Amino acid sequence: MVDAITTTEATARATASRTSLVSNFETFLQLLTAQLKNQDPLSPLDSNEFTAQLTQMTGVEQQLLTNDLLTSLLAAQQGGGLGGATSYIGKDATAAWSVTTLDEGKASWNYELGASASSATLSVLDSAGKVVWTGPAPERTTGTHGFVWDGKTTAGGQLPDGGVYSLKVTAKNGTNDVAAQVLTRGRVSGVELYDGIPYLTIGKSIVPVSSVIALDEDRAPAAAA
C-alpha cells in the first residue's frame, strides 16, 4: 500500500535530497583533486579508473540537475493548483463533505438518501468524534434534504460558537441499509492552500477541491454550509 504525500512534503524531500547530493558531490571533488595532486608520478592513476571516476562525478551532477527540475515542477504544480481553484469562486458547489463550524448558534448541512428509508437518524459529532446530538432525520425520502442544527446537545445544553462539527446519517429500509451521504452546498467565496492542497470556502465550511462533486453557476444557493 502506497501512502500519498503532499506537494509540500515532496518539495521538502527533494530539497533534502539535493542537499545530500551537493555534499557528496563536493566531497567527491575534494577527494579526486587530492588524489590527482598526490599521485605517484612513476605510477599515475590508471586512465580507465580515472574515466570511471569522472563518469561517477557526471552522474552526481545529473542527479543535481534532475533534483532541481523536480523541485521546480513541484513549485509550479503547487501554484497551478491554487490558480486553478480560483475558478470556483462565485459558483455554487456541492461537495461530499460533512465538516462545518457552529456560527450564530447554528450549523447547516445537506444529506442525500439513495432510496426512501423507513428510518433515518442524524448524529452531530464534535472535533474529537464524540456524538453531541442525535435525532430523527427530518426527511426520509429519496434525494437531497437540508438540515439545520441549533447547536444544542441531546440533553439541551447550548454549545458555544466556533466549534467544528460533522454530521453522520444512518438510514435503513426495514433491516436493509440505505446508501446515504452528507453534503456541503453553497456559494464558493474563497480559496486557501494547506500543505500544497487547495481548499474552497463554502459558507462556514472549508473543503478540499477534491471533494467537490458538482458545480452550478446559475443555481440559487442551497442550505448554507
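For the numbers below, each heavy atom of this structure counts, side chains included, while hydrogens, waters and symmetry mates do not. All figures in this text were calculated on a predicted structure; none of them were measured in a lab.
Closest non-hydrogen pair, T184 versus V99, comes out as OG1-O, 4.5 Å. Counting all heavy atoms, side chain and backbone alike, T100 lies closest to S205 at OG1-OG, 2.9 Å. For the residue pair V131 and S123, the shortest heavy atom distance occurs at CG1-CB, 4.3 Å. Of all non-hydrogen atoms in G146 and P138, the two that sit nearest each other are O-CG, 4.0 Å.
Residues passing the side-chain hydrogen bond (donor to acceptor under 3.5 Å, both in side chains) test with Q181, sequence neighbours excluded: E112. Among residues two or more places apart in sequence or in another chain, the ring-ring contact (aromatic ring centres under 6.0 Å, His included) test is passed with Y199 by Y194. The side-chain contact (heavy atoms from CB on, under 4.5 Å) test applied to S211 returns A95, W97, V207, P208, not counting sequence neighbours. Remark: D103 engages K204 in a salt bridge (charged side-chain N to carboxylate O under 4.0 Å, His left out) (not counting sequence neighbours).
In this structure, the side chain of T94 does not engage the main chain of I213 through any donor-acceptor pair within 3.5 Å. Counting only distance, with no hydrogens or angles, the side chain of W133 and the backbone of G151 share no donor-acceptor pair below 3.5 Å. Using a distance-only test at 3.5 Å, with no hydrogens or angles considered, a donor-acceptor pair links the side chain of T134 to the main chain of L122.
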What donor-acceptor contacts under 3.5 angstrom involve side-chain atoms of residues 159-167, with partners at least two apart or in another chain?
from: D161; atom 1: OD1; to: E104; atom 2: N; distance (Å): 3.3
from: D161; atom 1: OD1; to: G105; atom 2: N; distance (Å): 2.9
from: D161; atom 1: OD2; to: E104; atom 2: N; distance (Å): 3.0

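Here L113 contributes atom CG and N173 contributes atom CG; the two are 10.5 Å apart, rounded to the nearest 0.5 Å. Distance check, rounded to the nearest 0.5 Å: OG of S116 to CZ of R140 gives 9.5 Å. Atoms CG and OH, from L183 and Y111 in turn, are 11.5 Å apart once rounded to the nearest 0.5 Å. Between atom CD1 of residue I89 and atom CZ of residue R187 there is a gap of 12.0 Å, rounded to the nearest 0.5 Å.
In terms of hydrophobic clustering, with Ile, Leu, Val, Met, Phe, Trp and Tyr side chains grouped at heavy-atom distances under 4.5 Å, F147 and V178 are assigned to different clusters. Under a hydrophobic clustering in which Ile, Leu, Val, Met, Phe, Trp and Tyr are joined whenever their side-chain heavy atoms come within less than 4.5 Å, directly or via other members, I202 and V209 fall into the same cluster.
For the pair V191 and Y88, the minimum side-chain heavy-atom distance is 4.5 Å or more. Looking at heavy atoms from C-beta onward, T201 lies in side-chain contact with E192 at the 4.5 angstrom threshold.
Applying the salt bridge (Lys or Arg N to Asp or Glu O under 4.0 Å) definition to pairs two or more places apart or across chains, those involving residues 168-177 are K172-D177.
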